[in-house]
Amino acid sequence: MAQKETLSSLTHGNFAKELSIADGKMPPNAVDFERLVIGTFLIDKKGLDHSIDLLTSEVFYDPRHQVIFSSILKLYEGNHPVDLMTIIQDLKKEDKLSQAGGDHYIIDLTMGVSSSAHIEYHVRVILEKYILRSLINVSANVIDSSYKESTDVFELLDKAEQSFFEITNGTIKKGFDTANSLVKQAIDTIKSLKDKQGLSGVPSGFRDIDKETGGWQNSDLIIIAARPAMGKTAFLLSMARNIAVGHKIPMALFSLEMASVQLITRMIASETKISSEKLRKGTLDDEEWQRLFSNVSELENAPLYIDETPSLSIFDFRAKCRRLVMQHGVRIIMVDYLQLMTAGSSGKGAGNREQEISMISRSLKAIAKELNVPVIALSQLSRSVETRPGKRPQLSDLRESGAIEQDADIVSFIFRPEYYKITVWDNDDEGQETSTENQAELIIAKHRNGATADVRLSFLKHFAKFGDIEAAFDGGAGGGYPSSFGETSGFDKIKTTIQPGAAFDLPDSSKLSGSSMNDFDDDDDFPF
């Protein structure tokens, strides 16, 4: 409904303006097709039933046709007969007959129509002309606003991109489906899910997590929260590797805290099983150099797009996501991390911090729905976790705003008892004691479309890598991920030519600025 209202405002009441902004040119229209469609609706109920849901009054160029169609739609929705006499009587009752061209014009509309043949084609032509007029109006409004000194350029850019995106996705609507076609479609979907081992969304690459979630679902907002040093960034990078390299799915990663070179170096450490410290210093032996060169090509060609803009505003984030989805086919978006985003354009805040975080959270969910992709955002937890005996996080620990819990479809926590010197899991079955060494747990505390669960994972801190428990020490890539990969080209894509040591000439880690949300780095337990 919101899309329809936005698009309608582009043309409704702007008939005279359209003529003036086109520099004397006639705006795109298909008045002859409009006459055919209106005439068909007045004499053939079959054509009316088949196509009326594809149209609104605003798509018609001729104002008379807008008035007539509004009357047709009102009678149709009220289950009243639609024909010449009922429409003329309704227009007389509303005192709009003269605006519709009079009864003679309405009668003339039906004279050249014999049947509803090709009605859907005629409707499509009308819609295409409406799209062209909408594009003209959006462009004219952008030009007009660009000349005003008071215009906020980032807000204008965001509104313009939103208008163009809505024109692209929301104008031509699809009609009803028959039960026959829907059943076939449902069966095909069920068959495809069987082939995908139950995965209906974007796979995380972790077997037990995908078993619980069915993959990250389109339009979902997924929050992954933890205290510092639990491995939030490491988990996100491990999952990014699984998605982009293992499953060849285009994805975008927005890093607001770490430089993109640092991120890719950590991914290389995970991929090659060479410690981050060695990569940072370039102190590799011959075997490790060989391993580096032979393994890094998969990551180099992965369809992974990284943006390292600090203090990214939600307006800029939305605009960049739209371009990534439309230009590069990105199917999942990740943010590291939510509390470092800003609500206003140009880094301006929006009220107090709790209100700002609430706005960011709502906006992330809106972007996920608008682009129909999963959005995964990391989040910090409050210090109240540290005062709890078992150190296990819970929903009330989400930092700065309860809106995060409300807006998210999935809220999960990363928990590593080993960090707190807890040697055995406290949630094992009675009589069992499992060591926490090199292990972590993803606690799914909220799952809007499924059950909550605790999922055990392996964690190799020297490589900052998460994986499935059984595959932790197999000597390979870990996690049971396919080794095939895909290649795309484009903006901020990882594409690195490796020279011995040169690719890892990073700034002195002592000079790197840490998170503004805490006094030490998110993953300070790692050697890198």
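The basis for the numbers below is simple: all heavy atoms, side chains too, and nothing from hydrogens, waters or symmetry mates. No experiment lies behind these values; they were computed from the predicted model shown.
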Using a strict threshold of under 4.0 Å (side-chain N to carboxylate O), is an ion pair present between Glu128 and Arg124? no

Checking Ile106 against Leu91 for the side chain to side chain contact (heavy atoms under 4.5 Å, CB included) test, could you report, in this order, the C-alpha distance in whole Å, the side-chain angles of both residues, the deciding distance, and whether it holds? CA-CA 11 Å; Ile106 297 175; Leu91 291 170; 3.5 Å; yes

For Asp407 and Ser358, work out which heavy atoms get closest and say how close. OD2-O, 4.1 Å

Does Phe235 have its ring centroid less than 6.0 Å away from the ring centroid of Phe206? yes

To check you understand the geometry: which heavy-atom pair defines the closest contact between Leu371 and Cys321, and what is its length? CD1-CB, 3.6 Å

For Asp90, which residues count as a salt bridge (charged side-chain N to carboxylate O under 4.0 Å, His left out) partner, sequence neighbours excluded? Lys74

Which atom names give the shortest non-hydrogen contact between Met26 and Tyr61, and what distance separates them? SD-OH, 3.2 Å

Take Ser71 and Glu94 through the test side-chain hydrogen bond (donor to acceptor under 3.5 Å, both in side chains) and record every step on the way to the result. CA-CA 9 Å; Ser71 179; Glu94 299 292 331; over 6 Å; no

Between Asp108 and Arg35, which heavy-atom pair has the shortest distance, and what is it? O-NH2, 4.3 Å

Would a distance-only check, ignoring hydrogens and angles, find a side-chain to backbone donor-acceptor pair under 3.5 Å from Arg133 to Pro28? yes

So, Asn242 side chain and Ser238 main chain: donor-acceptor pair closer than 3.5 Å or not? yes

Which heavy-atom pair separates Gln99 from Arg64 by the least distance, and what is that distance? O-CG, 3.4 Å

The criterion is side chain to side chain contact (heavy atoms under 4.5 Å, CB included); which residues satisfy it with Ala453, sequence neighbours excluded? Glu212

Within the distance-only criterion (no hydrogens, no angle test), does the side chain of Asn141 pair as donor or acceptor with the backbone N or O of Asn137 below 3.5 angstrom? yes

Walk me through it: do Phe60 and Ile38 pass the test side chain to side chain contact (heavy atoms under 4.5 Å, CB included)? CA-CA 10 Å; Phe60 293 94; Ile38 295 290; 3.9 Å; yes

Can you give each donor-acceptor pair under 3.5 Å made by side-chain atoms of residues 216-226, sequence neighbours left out, with the distance rounded to 0.1 Å?
{"unit_1": "Gln217", "atom_1": "OE1", "unit_2": "Ser200", "atom_2": "OG", "d": "3.2"}
{"unit_1": "Gln217", "atom_1": "NE2", "unit_2": "Ser200", "atom_2": "OG", "d": "3.0"}
{"unit_1": "Gln217", "atom_1": "NE2", "unit_2": "Thr213", "atom_2": "O", "d": "3.4"}
{"unit_1": "Gln217", "atom_1": "NE2", "unit_2": "Gly214", "atom_2": "O", "d": "3.1"}
{"unit_1": "Gln217", "atom_1": "NE2", "unit_2": "Gly215", "atom_2": "O", "d": "2.9"}

Is the closest side-chain donor-acceptor distance between Asp336 and Ser255 under 3.5 Å? no

Does Lys365 pair with Asp409 as a salt bridge, N-O distance under 4.0 Å? yes

Provide the closest heavy-atom pair for Thr452 versus Ile444 in the form atom of the first, atom of the second, distance. CB-O, 3.0 Å

Check: Lys232 side chain, Ile414 main-chain N or O, donor-acceptor pair, under 3.5 Å: no

Main-chain N/O of Leu135 paired to Ser139 side chain as donor or acceptor, under 3.5 Å: yes

Please step through side-chain hydrogen bond (donor to acceptor under 3.5 Å, both in side chains) for the pair Thr86 and Asp83, ending with a clear verdict. CA-CA 6 Å; Thr86 57; Asp83 56 36; 3.0 Å; yes

Start with the C-alpha distance between Val335 and Ile376, add both sets of side-chain angles, then the distance that settles side chain to side chain contact (heavy atoms under 4.5 Å, CB included), and finish with yes or no. CA-CA 6 Å; Val335 182; Ile376 299 178; over 6 Å; no

Asn29 side chain to Pro27 backbone, donor-acceptor under 3.5 Å: yes

Can you say whether the rings of Tyr105 and His65 are parallel (under 30°), tilted (30 to 60°) or perpendicular (over 60°)? parallel

